[in-house]
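Below is one structure, written out as structure tokens; comments come after it.
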Amino acid sequence: MPSYTAPTKDMQFVLHDVLRASEQDIPGYDEMDRDFTAAVLEEAGKLASEVLHPLNEVGDRVGCKLENGVVRTPPGFKEAFDQMREGGWTALDCDPEYGGQGLPYLMQTAVGEVMSASNMAFNMYPGLTHGAYSAIHAHGTDAQKQKWLPKMVTCEWTGTMNLTEPHCGTDLGLMRTKAVPQDDGSYKITGQKIFISAGDHDMADNIVHLVLAKIQGGPEGIKGVSLFIVPKILVDDDGNMGARNGVSVGKIEEKMGIHGNSTCVMNYDEATGYLLGQEHKGMRAMFTMMNEARIGVGLQGYAQAEIAYQNALAYALDRLQGRDATGTKNPDGPADPLIVHPDIRRNLMDQKSFVEGARAFAFWGANLIDRAHRNEDAEADGLISLMTPVIKGFMSDKGFEFATNAQQVYGGHGYIEEWGMSQFARDARITQIYEGANGVQALDLVGRKLATDGGKHVMAFFEMVKTFCKENGEDENLKGFVDPLKAASKDLQAAGMYFMQEGVKNPNAALSGSYDFMHMMGHVCIGLMWARMAKVAYMKLDEPGADRDFLEAKIATGRYYMARQLPATSMHLARIRTGPDTVMGLETAAF
């Protein structure tokens with residue numbers, strides 16, 4: 001049976017030593033001192049390890065069941081959900097006007113990692129609700145906010161997002177769900193949506209669906225899409241629940257992973273819905289939810305790698321197999337522990353260096369979101385918009401890769417269900433697909449985000465890396481960080497220049513290299529995070545009472561990433577420079 005312990009020491013290092021959160025000029029950050037965040041993370045860790053994680057295997061094994069039109073969640077889920085709600089964990093960064101605690105999104109992100117690592121499928125219920133809350137908060141009328149948000153903040157009512165239809169996934173302009181205006185200002189929504197996470201369950205009194213549909217007579221394609229609030233149970237103007245709406249569950253999907261979350265086919269049969277935002281501007285409102293969800297999915301990716309790594313490390317320390325090639329390390333036993341073998345070390349270091357770098361990247365991204373929203377900082381907003389497809393795409397790709405690598409440490413036991421490692425890999429796999437498949441993230445990055453505001457934001461990122469390298473280039477301690485970072489950044493800039501020169505002549509020159517570019521940028525971002533962490537760690541080594549073991553391990557882990565992982569940028573650049581012909585050259589009929 002796997003275990004989970006919240007990595008609070010590492011989180012505190014990123015929050016306070018790297019980001020120096022409580023010293024920033026962002027409203028609310030002054031309250032996030034070390035003692036406060038330690039207390040929050042300690043309590044979150046207890047809930048995660050003692051309540052949520054024991055249910056992870058239960059959710060995977062039992063799954064959700066559709067009985068008489070109602071979805072039943074696995075045993076223990078409802079009680080755990082009540083405990084989460086009563087502890088205020090669903091309301092951390094929500095608006096105090098609607099019952100939230102008003103904490104920064106950075107704190108929500110740190111807690112979100114803990115909850116997601118311990119039980120990803122379970123945490124999707126409040127996670128989807130938070131996204132729906134954000135969309136209504138950003139685009140709803142005052143009356144809509146007052147009506148829906150207070151009970152969504154407490155998760156007495158949960159939320160979903162309904163985009164995909166059987167014939168239309170990414171290309172939402174093809175959707176057929178229709179909305180017919182009514183005399184009272186509402187709409188009748190008719191159609192079918194698929195892959196709806198947390199679409200129905202027995203843990204909340206009501207479920208508030210956000211549904212994309214086309215108002216009859218509107219523009220064709222994506223320009224004719226609107227967003228609607230469609231509750232499972234109708235609510236009057238005084239907040240009282242009434243009749244069941246025309247919403248039903250067609251079936252629960254049988255999936256590879258996240259069995260504890262109810263992924264539903266949702267049928268809308270003239271269901272009453274209420275326009276959220278403007279007519280035919282539904283994608284604008286939905287993207288508020290989708291962008292938040294994409295960052296959350298990147299977090300899910302590295303969170304699954306984190307719990308998988310924790311268990312792989314424990315196994316490598318305990319399992320006796322073979323002898324160290326340089327000399328016996330366990331003379332009193334029949335064999336040495338797995339961790340003495342170089343290839344096991346390589347595997348574990350790949351995992352560890354990614355997870356710790358990804359955590360810093362995710363926390364930095366959350367910090368940018370707070371700066372963009374709370375300080376109305378356009379530069380931060382542009383930078384996190386650029387980074388969103390990288391956080392989602394790169395970190396979910398690598399999260400799955402390293403969850404399976406952790407499984408490899410176990411050998412055959414990793415493939416056997418009783419050891420629990422396969423669940424981490426199966427659960428992590430969906431992160432590469434939902435909220436926009438990673439190929440779409442790469443296209444978004446190269447096709448849209450690089451050129452936003454005339455390329456201003458990617459140039460700002462390059463300048464950020466250049467400034468760090470220039471300011472720290474003479475520090476001998478950091479030579480093993482600055483030189484690889486500088487080289488990787490040059491690779492990334494060279495790829496961008498190739499796109500500018502060749503993409504104008506042939507769009508496929510850029511698009512065929514977009515996936516490689518997304519991974520290049522992910523590596524450079526994590527390389528920058530490691531360089532920053534190493535600089536702080538070296539500085540703190542000289543402080544009285546320094547935790548030398550932790551700091552020296554941090555430096556060694558960072559050196560590994562810079563030496564063994566970051567050089568992948570040169571491989572990706574070489575692939576990009578082969579151009580579109582290698583990708584597009586084979587005739588369709590020859591496949």
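Model, not experiment: these values are computed from the prediction.
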Would a distance-only check, ignoring hydrogens and angles, find a side-chain to backbone donor-acceptor pair under 3.5 Å from [X] to [Y]?
X: Asp377; Y: Ala372; answer: no
X: Asn311; Y: Ile307; answer: yes
X: His167; Y: Leu174; answer: yes

query: Would the number of heavy atoms belonging to other residues, nucleotides or ligands and lying under 6.0 Å from CZ of Phe550 be above 12?
result: yes
task: Would you please name every residue forming a side chain to side chain donor-acceptor pair (under 3.5 Å) with His341, sequence neighbours left out?
output: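 Once residues adjacent in sequence are excluded, His341 has no partner under the side chain to side chain donor-acceptor pair (under 3.5 Å) criterion.
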Under 3.5 Å, is there a donor-acceptor pair linking the side chains of [X] and [Y]?
X: Gln24; Y: Asn367; answer: yes
X: Ser116; Y: Gln300; answer: no
X: Asp93; Y: Tyr133; answer: no
X: Thr404; Y: Gln408; answer: no
X: Gln432; Y: Asp397; answer: yes

Hey, does [Y] have a side-chain heavy atom less than 4.5 Å from the side chain of [X]?
X: Val111; Y: Val40; answer: yes
X: Ile26; Y: Leu106; answer: no
X: Asn162; Y: Leu212; answer: no
X: Tyr29; Y: Pro104; answer: yes
X: Ile391; Y: Arg294; answer: no
X: Val114; Y: Met11; answer: yes

Which salt bridge (Lys or Arg N to Asp or Glu O under 4.0 Å) pairs, counting each pair once, include a residue from [range], with sequence neighbours left out?
range: residues 421-445; answer: Asp60-Arg426, Glu417-Arg426, Asp444-Arg448, Asp444-Lys449
range: residues 450-468; answer: Glu379-Lys456
range: residues 484-503; answer: Glu502-Lys505

- prompt: Gln351 and Asn405: side chain to side chain donor-acceptor pair (under 3.5 Å), yes or no, with the steps?
  reply: CA-CA 8 Å; Gln351 297 170 51; Asn405 284 7; over 6 Å; no
Not counting sequence neighbours, which residues clear salt bridge (Lys or Arg N to Asp or Glu O under 4.0 Å) with [X]? List them please.
X: Asp549; value: none
X: Glu543; value: Lys540
X: Arg284; value: none
X: Lys535; value: none

Counterpart residues, side chain to side chain contact (heavy atoms under 4.5 Å, CB included), relative to Asp475 (two or more places apart):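 Side chain to side chain contact (heavy atoms under 4.5 Å, CB included) list for Asp475, sorted by chain: Asn477, Leu478.
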Separation of [Y] [atom2] from [X] [atom1] (nearest 0.5 Å):
X: Leu227; Y: His139; atom1: CG; atom2: NE2; answer: 8.5 Å
X: Tyr315; Y: Leu348; atom1: OH; atom2: CG; answer: 12.5 Å
X: Ile258; Y: Gln304; atom1: CD1; atom2: CD; answer: 10.0 Å
X: Phe591; Y: Leu586; atom1: CZ; atom2: CG; answer: 4.5 Å

- request: Can you spot which of Phe361, Phe402, Phe400 makes a ring-ring contact (aromatic ring centres under 6.0 Å, His included) with Phe354?
  value: Phe402
Side-chain donor/acceptor pairs under 3.5 Å, residues 520-532, sequence neighbours excluded:
| from | atom 1 | to | atom 2 | distance (Å) |
| --- | --- | --- | --- | --- |
| His523 | ND1 | Tyr561 | OH | 2.7 |
| Trp530 | NE1 | Ser353 | O | 2.9 |

- prompt: Tell me, which pairs form a side-chain hydrogen bond (donor to acceptor under 3.5 Å, both in side chains) where one or both residues lie in residues 355-366, sequence neighbours left out?
  reply: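 Of all non-adjacent pairs touching residues 355-366, those that pass side-chain hydrogen bond (donor to acceptor under 3.5 Å, both in side chains) are Asp10-Arg359, Glu113-Arg359, Glu306-Arg359, Lys352-Glu356, Glu356-Lys554.
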field: Any pair counted as ring-ring contact (aromatic ring centres under 6.0 Å, His included), so long as it reaches residues 445-497, sequence neighbours left out
entry: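 Passing the test, one end in residues 445-497: no pairs.
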- prompt: Can Asp350 and Tyr309 be said to form a side chain to side chain donor-acceptor pair (under 3.5 Å), step by step?
  reply: CA-CA 10 Å; Asp350 281 348; Tyr309 165 72; over 6 Å; no
- prompt: Under the side chain to side chain donor-acceptor pair (under 3.5 Å) criterion, do Asp30 and Ser22 qualify, and how do the steps go?
  reply: CA-CA 5 Å; Asp30 57 334; Ser22 61; over 6 Å; no
task: Test Ser489 against Gln493 for side chain to side chain donor-acceptor pair (under 3.5 Å), laying out the working first.
output: CA-CA 6 Å; Ser489 181; Gln493 292 177 66; 3.2 Å; yes
message: salt bridge (charged side-chain N to carboxylate O under 4.0 Å, His left out), that's the test. Do Arg371 and Asp25 meet it? Break it down for me.
response: CA-CA 9 Å; Arg371 184 166 292 282; Asp25 63 346; 2.9 Å; yes
- prompt: According to the interplanar angle, ranging from 0 to 90°, do the rings of Tyr105 and His130 count as parallel (below 30°), tilted (30 to 60°) or perpendicular (above 60°)?
  reply: tilted
